[in-house]
Asker: 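This is the structure I want to talk about, given as structure tokens.
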Amino acid sequence: QVQLVESGGGSVQAGGSLRLSCATSGLPFSDVVMGWFRQAPGKEREAVGATWTGNTYSIYDDSVEGRFTISIDKSNAILYLYMTDVKPEDTAMYYCAARKEGPGLTLLPRYYDYWGQGTQVTVSS
């Protein structure tokens with residue numbers, strides 16, 4: 001019964017900001033590894049970042065380090081991605097994902113078990 005539902009995508013100007021949300025259910029939200037991934041047409045799915053909700057420690061891909069930040073709302077079991085200084089190359093479908101219980105924090109998509117439907121982010125110059 002795990003369900004992940006992304007929202008908050010849209011069109012923004014380069015240099016702007018956007019907040020994506022991932023509403024979750026059926027997860028041990030206080031102790032789970034979750035991540036944000038993105039995929040542009042014709043490209044492989046790639047990591048944006050990942051977090052362990054136990055202490056909200058997060059890691060990020062070099063392409064977004066310093067620009068994107070993952071946070072959580074434990075009360076409502078929501079995972080956020082705060083995007084700042086967005087660039088046209090950030091344009092992609094963004095997905096929320098979660099691992100089954102167990103190790104560990106990773107940026108490899110193939111290790112994630114549950115996925116949302118995605119939300120589109122388009123950045124214009």
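Note that the coordinates shown come from a computational prediction; the quantities given were computed from them, not determined experimentally. Residues: numbered from 1 along the sequence shown.
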Asker: Enter the distance from Thr84:OG1 to Arg19:CZ here, rounded to the nearest 0.5 Å.
Answerer: 14.0 Å
Asker: Roughly how far, to the nearest 0.5 Å, is the CE atom of Met83 from the OG atom of Ser17?
Answerer: 9.5 Å
Asker: Should the heavy atoms of other residues, nucleotides or ligands under 6.0 Å from CD of Glu89 be counted, would the total exceed 12?
Answerer: yes
Asker: Please say which of Tyr94, Tyr112, Tyr60 ends up in a ring pair (Phe, Tyr, Trp, His ring centres under 6.0 Å) with Phe37.
Answerer: Tyr112
Asker: Mark yes when over 12 heavy atoms from residues, nucleotides or ligands other than Lys74 sit less than 6.0 Å from its NZ; otherwise mark no.
Answerer: yes
Asker: Of all the heavy-atom pairs spanning Ala14 and Ser125, show the shortest one and how long it is.
Answerer: CB-CA, 4.3 Å
Asker: Hey, are Arg38 and Ser63 close enough side-chain-wise for a donor-acceptor pair under 3.5 Å?
Answerer: yes
Asker: Please name the pair of heavy atoms, one in Leu107 and one in Asp61, separated by the smallest distance, quoted to 0.1 Å.
Answerer: CD1-N, 4.1 Å
Asker: Short question: side chain of Ser21, backbone of Ser7 - any donor-acceptor pair under 3.5 Å?
Answerer: no
Asker: Report whether Val64 and Val33 are members of the same hydrophobic cluster (ILVMFWY, side-chain heavy atoms less than 4.5 Å apart, transitive linking).
Answerer: no
Asker: Nearest heavy-atom pair of Cys96 and Met34: which atoms, and what distance?
Answerer: SG-CE, 3.6 Å
Asker: Rounded to the nearest 0.5 Å, how far apart are CD of Gln13 and OG1 of Thr122?
Answerer: 12.0 Å
Asker: What distance do Trp36 atom CH2 and Glu6 atom CD have between them, rounded to the nearest 0.5 Å?
Answerer: 5.5 Å
Asker: Do you know the tightest heavy-atom contact between Ala40 and Ala92?
Answerer: N-CB, 4.0 Å
Asker: Would you mind reporting whether Ile72 and Phe29 have side-chain heavy atoms less than 4.5 Å apart?
Answerer: yes
Asker: Mind listing the closest non-hydrogen atom pair of Cys22 and Leu4 along with its distance?
Answerer: SG-CB, 4.0 Å
Asker: How close do Leu27 and Ala98 get, counting heavy atoms only, and between which atoms?
Answerer: CD1-CB, 3.9 Å
Asker: Would a distance-only check, ignoring hydrogens and angles, find a side-chain to backbone donor-acceptor pair under 3.5 Å from Thr56 to Thr53?
Answerer: no
Asker: A cation-pi test, strictly: NZ or CZ of Arg45 under 6.0 Å from the centre of the six-membered ring of Trp115 and no more than 45 degrees from its axis. Yes or no?
Answerer: yes
Asker: Any sub-3.5 Å donor-acceptor pair from Gln3's side-chain atoms to Ser25's backbone N or O?
Answerer: no
Asker: How about OH on Tyr80, more than 12 heavy atoms from neighbouring residues, nucleotides or ligands closer than 6.0 Å, or not?
Answerer: yes
Asker: Atom CE in Met93, atom CD in Gln120: separation rounded to 0.5 Å?
Answerer: 5.0 Å
Asker: State the CG-OG1 distance between Leu105 and Thr51, to the nearest 0.5 angstrom.
Answerer: 7.0 Å
Asker: Please check this pair: side chain of Arg99 against backbone of Tyr111, looking for a donor-acceptor N/O pair closer than 3.5 Å.
Answerer: yes
Asker: Between Asn55 (side chain only) and Tyr57 (backbone N and O only), is there a donor and an acceptor less than 3.5 Å apart?
Answerer: yes
Asker: Using the rule given for side-chain contact (heavy atoms from CB on, under 4.5 Å), can you reason through Val121 versus Thr91, listing the C-alpha separation, both sets of side-chain angles and the distance that settles it, and then say yes or no?
Answerer: CA-CA 5 Å; Val121 173; Thr91 295; 5.9 Å; no
Asker: Hydrophobic clustering (ILVMFWY, side-chain heavy atoms < 4.5 Å, transitive) - are Tyr82 and Val12 grouped together?
Answerer: no
Asker: For the hydrophobic clusters of this structure (ILVMFWY residues joined by side-chain heavy atoms under 4.5 Å, transitively), does one cluster hold both Tyr95 and Leu81?
Answerer: no
Asker: So if I apply the salt bridge (Lys or Arg N to Asp or Glu O under 4.0 Å) rule between Arg67 and each of Asp62, Asp90, Asp85, which one comes out positive?
Answerer: Asp90
